[in-house]
Structures are given as structure tokens and as C-alpha cells.
> 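Structure in C-alpha cells, see below.
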Amino acid sequence: MARQKNSAGREDKCRREDEGKNNSGNGWFPTDPNNPQPAPSQQKHTDTVNLTTFSLARENDIDLFVSCDLSDTDKNLILTDVWVSSETYIFPIIEKNKGWNLKFQHHWLKMFKWLAHSEISQGGFCKVCLIFSRTGGFRCQKLYTLVIKPMDNFKKALETLNNHAKHQYHKLALEKADYFLNIASSKEPEIISKKVKENRENLIPIIDCILVCGRQEIALRGHRDFGALSFDGEPEMNEGNFRVILKYKAKEIEHLKNFLSSSYRSKYISPTIQNEIISSCGDIILKKVVKEVNESHYFSVLADETTDISVVEKLTICNNAIKR
């Protein structure tokens with residue numbers, strides 16, 4: 001899982017940092033698991049720290065998931081169970097903000113529900129953008145502050161957070177996060193599975209009509225091959241064999257008739273979709289032919305090439321497979 005890889009990589013980073021602290025004599029190193037050292041918020045030495053001498057990472061620190069491929073489990077953990085500092089936690093003053101004596105504030109987490117604090121990097125991250133909006137803004141550029149880099153400059157922190165909340169990519173990420181959580185909490189699957197089933201039931205007759213035209217070597221298109229199908233009276237123009245056969249079939253299938261006569265834009269009957277279905281049918285036939293040839297004991301190949309009126313060479317390949 002991506003989470004395991006993230007943790008392993010972050011553990012190596014923390015191990016290197018801790019080894020540096022142990023060798024330099026700055027900070028503390030928990031060498032005895034039976035005698036744990038105090039957390040950073042309980043230390044009484046100073047309120048100002050350097051990142052290279054800070055404590056070990058929390059298990060679900062949001063920094064563990066930055067710039068990583070996230071599974072659905074990781075995404076759900078970030079949105080629901082990422083590490084959150086307690087009310088008594090004392091945020092340290094990192095070197096970058098030492099001159100202004102500034103540090104992360106608890107009330108920011110209450111003002112901005114999407115904000116998460118990282119004890120590893122001692123900065124803030126946007127949970128939803130880290131998952132759903134890693135690019136955005138002008139020409140979809142890669143996002144840095146609050147997404148792949150922590151907000152650790154607190155001089156204009158509120159201004160930065162308010163501006164981030166106004167961006168369209170952030171609002172879209174919030175919507176995606178809500179939808180993801182609804183799916184994860186089993187509030188929507190029944191609705192989605194029902195819609196998927198309906199779409200499949202409507203698509204199968206459309207594919208059948210294309211297969212009929214293909215088997216009988218009937219041209220699909222006519223003079224007018226776009227727009228909604230009308231079941232009232234005769235069309236003014238020739239709609240083509242595919243649309244006529246589909247209309248005849250829909251008269252006996254009520255849900256298909258309602259679907260084709262509805263105002264939905266996606267009805268899977270446009271020339272583009274017809275070509276995609278034909279191409280998919282060709283791929284399936286080719287796989288079956290190749291499988292038959294591979295399973296045969298003997299086979300022969302006959303190839304013939306000709307040039308059409310547009311001076312394009314056409315190559316026809318025929319095969320004969322013999323099975324014992």
C-alpha cells in the first residue's frame with residue numbers, strides 16, 4: 001500500500017534526523033522504550049526549536065502522505081483520522097519565525113476545518129488539496145504551499161489561509177472530499193450502483209443494433225445522424241439504419257425509449273460512440289482470432305494488398321487454422 005511506502009520513507013528520514021540529533025548532543029533521543037521521553041509540548045527547556053532537533057513523528061502525521069501516490073485507505077485516513085494536536089499542545093517557535101516570535105495557532109484549526117498541522121514539518125497543510133488538487137491556478141501549475149510544502153511562515157498566516165480558501169481548485173477539492181466521504185461511509189453506493197445498472201441496460205441494446213448492422217453488412221448512418229430520437233411520426237430525413245433499428249427496438253423496451261427521448265446529453269448513439277463500439281468489437285474479434293491461431297496445430301496466412309481510389313494501400317490478411 002502507498003501508506004506503508006510513505007511511512008517507510010518517512011521513518012528513514014526521521015531516523016536520519018534523530019541520528020544527527022543524537023550525535024550532536026542537541027535534543028533528545030528515546031533509546032529506552034520502557035522509559036519514554038516527554039513529548040515536545042511537555043518539554044520545559046525552551047519554546048523555540050530547530051526542525052533538525054525536533055521530536056519523532058506522530059503515526060498519522062499528514063506530512064507522511066505528501067507527494068505520494070495515495071490509496072483510498074490513505075485518503076480516508078487523511079480526511080478522518082489524521083493526527084490532530086490536543087488543546088494543551090504547545091506549538092514551538094521554529095527558526096524561520098523566531099524573529100517575530102510567531103507560532104502555529106490552535107484557533108486556525110477551528111476556523112479552517114480543512115487545515116491540518118504537521119509535527120514533522122511544523123507547518124500547516126490543506127487536507128483536501130493534498131488529495132484532490134495538487135495542481136491549479138493559472139495554467140494548472142503545481143501547487144506548493146499548503147499542498148506539497150507546509151505553510152510554516154506565520155507572518156501573514158491568516159491572509160494566506162483566507163486566500164487559499166477562495167481558490168476555485170480548493171472549492172472543487174472540498175466537493176470531491178465530501179463526495180468521497182459519502183462513498184466511504186456507504187451513504188451513496190446504492191444510488192451509484194443503481195445508476196450504473198440503468199446505464200448498462202440502456203447501452204446493451206445500442207451495442208446489439210450496431211452488431212446487427214455489422215453482421216449484415218448494413219451501413220449505419222444516413223443523411224441525419226445526430227440529435228435526439230423522435231418517436232412521434234416519421235422523420236423528415238433519412239436517419240440511417242442504426243437509428244431506425246434502434247427506434248424499432250426501443251418500442252418494446254420502455255426504459256430504453258424513455259432514455260433515448262429524454263433530455264440527457266449522453267445517450268451513446270453519436271457517430272463518435274458508434275466508432276468506439278465498432279473499434280472495441282474489432283479488438284475482441286482480433287483477440288479471438290489470435291487465440292484460435294495460437295491454440296491450433298497448423299495455420300497459414302494469406303496476405304493481399306491493393307490501392308483504393310484515394311491512393312491508400314489496403315492490406316488484407318486471411319488465416320486458416322487447423323485443429324486436430
Side-chain angles (χ1 to χ4, degrees), residues 2-3 6 10 51 54 57-58 60-185 187-188 191-192 265-266:
R3 173 71 204 289
N6 299 349
R10 184 58 63 182
L51 283 179
F54 202 60
R58 302 286 180 177
N60 293 340
D61 194 295
I62 193 170
D63 193 87
L64 296 171
F65 304 93
V66 175
S67 299
C68 296
D69 294 329
L70 303 175
S71 66
D72 288 344
T73 303
D74 297 329
K75 294 175 183 178
N76 189 57
L77 189 148
I78 293 172
L79 294 173
T80 61
D81 196 29
V82 75
W83 176 75
V84 179
S85 59
S86 63
E87 292 289 341
T88 58
Y89 185 89
I90 300 175
F91 294 104
I93 301 175
I94 60 177
E95 290 295 326
K96 184 180 292 188
N97 300 290
K98 188 175 180 181
W100 299 288
N101 199 32
L102 298 174
K103 57 184 178 180
F104 199 93
Q105 301 296 319
H106 280 287
H107 67 270
W108 295 346
L109 299 173
K110 296 179 180 179
M111 291 176 62
F112 306 97
K113 300 298 183 182
W114 43 263
L115 182 64
H117 175 259
S118 168
E119 190 178 43
I120 295 175
S121 53
Q122 280 303 307
F125 286 96
C126 176
K127 295 186 289 186
V128 295
C129 288
L130 187 147
I131 302 172
F132 299 108
S133 294
R134 296 189 178 184
T135 60
F138 181 68
R139 293 183 179 179
C140 292
Q141 296 178 351
K142 196 173 183 180
L143 302 177
Y144 288 93
T145 304
L146 288 167
V147 181
I148 64 174
K149 288 187 177 181
M151 184 197 71
D152 54 5
N153 189 337
F154 307 134
K155 187 176 181 180
K156 295 182 179 180
L158 282 178
E159 181 180 345
T160 301
L161 294 171
N162 283 317
N163 289 337
H164 181 80
K166 295 176 183 178
H167 287 299
Q168 189 62 35
Y169 61 79
H170 173 77
K171 296 178 181 179
L172 182 60
L174 285 173
E175 294 178 2
K176 291 180 179 179
D178 289 340
Y179 186 74
F180 177 85
L181 290 175
N182 287 336
I183 297 295
S185 59
K187 293 181 180 178
E188 297 288 344
I191 299 176
I192 293 176
R265 294 184 61 184
S266 300

> Classify the ring geometry of H164 against Y169: parallel below 30°, tilted from 30° to 60°, perpendicular beyond 60°.
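The arrangement is perpendicular - the two ring planes meet at more than 60°.
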> Side chains of N163 and T160: donor-acceptor distance under 3.5 Å anywhere?
no
> Are any side-chain N or O atoms of D63 and backbone N or O atoms of I120, one a donor and one an acceptor, separated by less than 3.5 Å?
no
> Between F104 and H117, what is the ring plane arrangement, given parallel below 30°, perpendicular above 60°, and tilted in between?
tilted
> Could you tell me if the side chain of K75 sits less than 4.5 Å from the side chain of F65, heavy atoms only?
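In short, these two side chains do not touch, never coming nearer than 4.5 Å.
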> Would you sort out whether F91 and W108 count as a ring-ring contact (aromatic ring centres under 6.0 Å, His included), showing the intermediate values?
CA-CA 12 Å; F91 294 104; W108 295 346; 8.4 Å; no
> For the atom pair CG (L102) and NZ (K156), what is the distance rounded to the nearest 0.5 Å?
12.5 Å
> Can you tell me how far the CG atom of D74 sits from the CD1 atom of I131, to the nearest 0.5 Å?
9.0 Å
> Can you find a pair of side-chain heavy atoms, one from E175 and one from L172, that are under 4.5 Å apart?
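Counting from C-beta outward, E175 and L172 do come under 4.5 Å.
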> Taking all non-hydrogen atoms of both residues, which atom of Y89 and which atom of H106 are closest, and how far apart?
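That would be O-NE2, 2.8 Å.
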> Measure from the side-chain N and O atoms of N60 to the backbone N and O of D81, and report whether any donor-acceptor pair falls under 3.5 Å.
yes
> Report the distance from atom OG of S118 to atom CG of L64, rounding to the nearest 0.5 Å.
7.5 Å
> Under a 4.5 Å cut-off applied to non-hydrogen side-chain atoms, are S85 and L109 in contact?
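Sidechains of L109 and S85: in contact.
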> Between atom NZ of K171 and atom OG of S133, what is the distance when rounded to the nearest 0.5 Å?
13.0 Å
> Check the orientation of H170 and W114. Use parallel for under 30°, tilted for 30 to 60°, and perpendicular for over 60°.
perpendicular
> Taking the side chain as every heavy atom from C-beta outward, state whether L161 and M111 have any pair of such atoms under 4.5 Å apart.
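Not touching, per the 4.5 Å side-chain cut-off.
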> Rounded to the nearest 0.5 Å, what separation is found between the CD1 atom of I93 and the CH2 atom of W100?
12.5 Å
> With rounding to the nearest 0.5 angstrom, report the CD1 to CG distance, I94 to N153.
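It is 8.0 Å, given to the nearest 0.5 Å.
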> So L79 and V128, do their side chains get closer than 4.5 Å, heavy atoms only?
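Yes; the side chains approach each other to less than 4.5 Å.
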